[in-house]
S.K.: 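This is the structure, below, for whatever I ask next.
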Amino acid sequence: MSDDILLRLMAVLQSRKDADPDSSYVAGLYARGLDTILKKIGEESTETIIAAKSGDKEQIIYETADLWFHCLVMLAQQNLDARLVLEELDRRFGVSGIDEKAAREQT
C-alpha cells in the first residue's frame with residue numbers, strides 16, 4: 001500500500017506541473033515557485049511540531065501527512081523522484097546514525 005500511494009501521488013504531482021494554477025492547489029504552488037513551496041514545508045513542519053507537543057495522535061498523523069505531501073511537491077518541482085529518498089533511507093538502514101554522520105563529515 002505505501003508504495004502504491006507514493007506512486008499515485010508522484011503521478012498526480014507530475015501531472016499538475018502542466019495544469020492551470022487556478023484549477024489545482026499543487027499547480028498553484030508550482031506557479032508561485034520554489035520559495036512558496038519551501039515556505040509551505042516550513043509551515044507544515046511547525047504545525048507537525050506543535051501537534052507532537054500536544055500529544056494529539058490524530059493531529060500528529062494529519063500534520064505529518066501534510067508535511068510529507070509538501071515535501072513530495074518540492075521533490076517533484078525539483079524533478080526528483082521520491083523513490084530516491086526511499087533508496088537513501090534503505091541505504092542507511094542498519095547503519096548506526098553515529099557512523100553515518102561520521103562518514104558524511106569525512107567527505
Side-chain angles (χ1 to χ4, degrees):
M1 179 182 155
S2 60
D3 286 349
D4 182 52
I5 189 64
L6 183 62
L7 294 174
R8 287 186 295 147
L9 269 171
M10 286 178 3
V12 169
L13 295 176
Q14 190 64 33
S15 74
R16 295 299 192 263
K17 286 184 171 185
D18 298 323
D20 178 354
D22 293 329
S23 71
S24 160
Y25 171 74
V26 172
L29 286 174
Y30 289 146
R32 289 189 296 279
L34 181 61
D35 285 348
T36 297
I37 295 167
L38 297 177
K39 180 180 176 189
K40 196 65 187 162
I41 291 172
E43 290 171 9
E44 298 302 342
S45 176
T46 300
E47 291 171 4
T48 302
I49 292 166
I50 292 167
K53 291 288 284 181
S54 78
D56 181 334
K57 296 194 183 320
E58 286 184 26
Q59 197 63 29
I60 294 168
I61 292 166
Y62 182 87
E63 295 301 344
T64 301
D66 279 352
L67 176 59
W68 287 9
F69 176 82
H70 287 90
C71 287
L72 290 171
V73 171
M74 181 265 308
L75 288 169
Q77 191 272 345
Q78 295 288 305
N79 297 312
L80 292 168
D81 190 308
R83 288 173 287 199
L84 296 170
V85 176
L86 296 177
E87 288 172 10
E88 176 61 16
L89 288 171
D90 187 54
R91 183 190 69 78
R92 294 180 189 185
F93 193 79
V95 176
S96 158
I98 294 170
D99 293 342
E100 197 276 332
K101 183 178 179 183
R104 280 187 285 133
E105 290 173 352
Q106 291 176 357
T107 57

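These numbers come from a predicted model, not from an experiment. The figures that follow rest on heavy atoms only: side chains count, while hydrogens, waters and symmetry mates do not.
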S.K.: Check whether I5 and L7 end up in the same hydrophobic cluster, where Ile, Leu, Val, Met, Phe, Trp and Tyr are linked by side-chain heavy atoms less than 4.5 Å apart.
M.R.: yes
S.K.: Can you name the side-chain contact (heavy atoms from CB on, under 4.5 Å) partners of N79, sequence neighbours left out?
M.R.: K17
S.K.: Quick one: list whatever passes ring pair (Phe, Tyr, Trp, His ring centres under 6.0 Å) with Y25, sequence neighbours left out.
M.R.: H70
S.K.: With S24, which residues qualify under side chain to side chain donor-acceptor pair (under 3.5 Å), at least two apart?
M.R.: R16
S.K.: What pairs of residues pass the salt bridge (Lys or Arg N to Asp or Glu O under 4.0 Å) test when at least one of them lies in residues 22-31, not counting sequence neighbours?
M.R.: none
S.K.: Hydrophobic clustering (ILVMFWY, side-chain heavy atoms < 4.5 Å, transitive) - are Y30 and L34 grouped together?
M.R.: yes
S.K.: Who pairs with R83 by salt bridge (charged side-chain N to carboxylate O under 4.0 Å, His left out), at least two apart in sequence or on another chain?
M.R.: D81
S.K.: Got a sec, which pairs hit ring-ring contact (aromatic ring centres under 6.0 Å, His included) with one end in residues 37-69, sequence neighbours left out?
M.R.: none
S.K.: How far apart are the closest heavy atoms of P21 and A31, and which atoms are they?
M.R.: CG-CB, 3.6 Å
S.K.: Determine all donor-acceptor pairs shorter than 3.5 Å in which one atom belongs to a side chain in residues 48-56; sequence neighbours excluded.
M.R.:
residue, atom, partner, partner atom, Å
T48, OG1, E44, O, 2.8
T48, OG1, E63, O, 3.1
S54, OG, A51, O, 2.7
S54, OG, D56, N, 3.1
D56, OD1, E58, N, 3.2
D56, OD1, Q59, N, 3.1

S.K.: Tell me, please, which residues at least two apart from I61 pass side-chain contact (heavy atoms from CB on, under 4.5 Å).
M.R.: none
S.K.: Any chance you could measure T46, atom OG1, to L67, atom CG, to the nearest 0.5 Å?
M.R.: 9.5 Å
S.K.: Can a donor-acceptor pair be found, under 3.5 Å and without considering hydrogens, that links the side chain of T64 to the backbone of I60?
M.R.: yes
S.K.: Between R91 and E87 (side chain of the first, backbone of the second, donor and acceptor by atom type, cut-off under 3.5 Å), is there such a pair?
M.R.: no
S.K.: Start with the C-alpha distance between L86 and L6, add both sets of side-chain angles, then the distance that settles side-chain contact (heavy atoms from CB on, under 4.5 Å), and finish with yes or no.
M.R.: CA-CA 10 Å; L86 296 177; L6 183 62; 3.1 Å; yes
S.K.: Does CG in D35 sit with more than 12 non-hydrogen atoms of other residues, nucleotides or ligands closer than 6.0 Å?
M.R.: no
S.K.: Any chain of hydrophobic side-chain contacts (each under 4.5 Å) joining L75 to L84?
M.R.: yes
S.K.: Could I get the full list of side-chain contact (heavy atoms from CB on, under 4.5 Å) partners for E43, not counting sequence neighbours?
M.R.: K39, K40
S.K.: With a 4.5 Å cut-off on side-chain heavy-atom distances among I, L, V, M, F, W and Y, is there a chain of contacts connecting L80 to V73?
M.R.: yes
S.K.: Could you measure the distance from the CD atom of Q77 to the CG atom of L38? Nearest 0.5 Å is fine.
M.R.: 8.0 Å
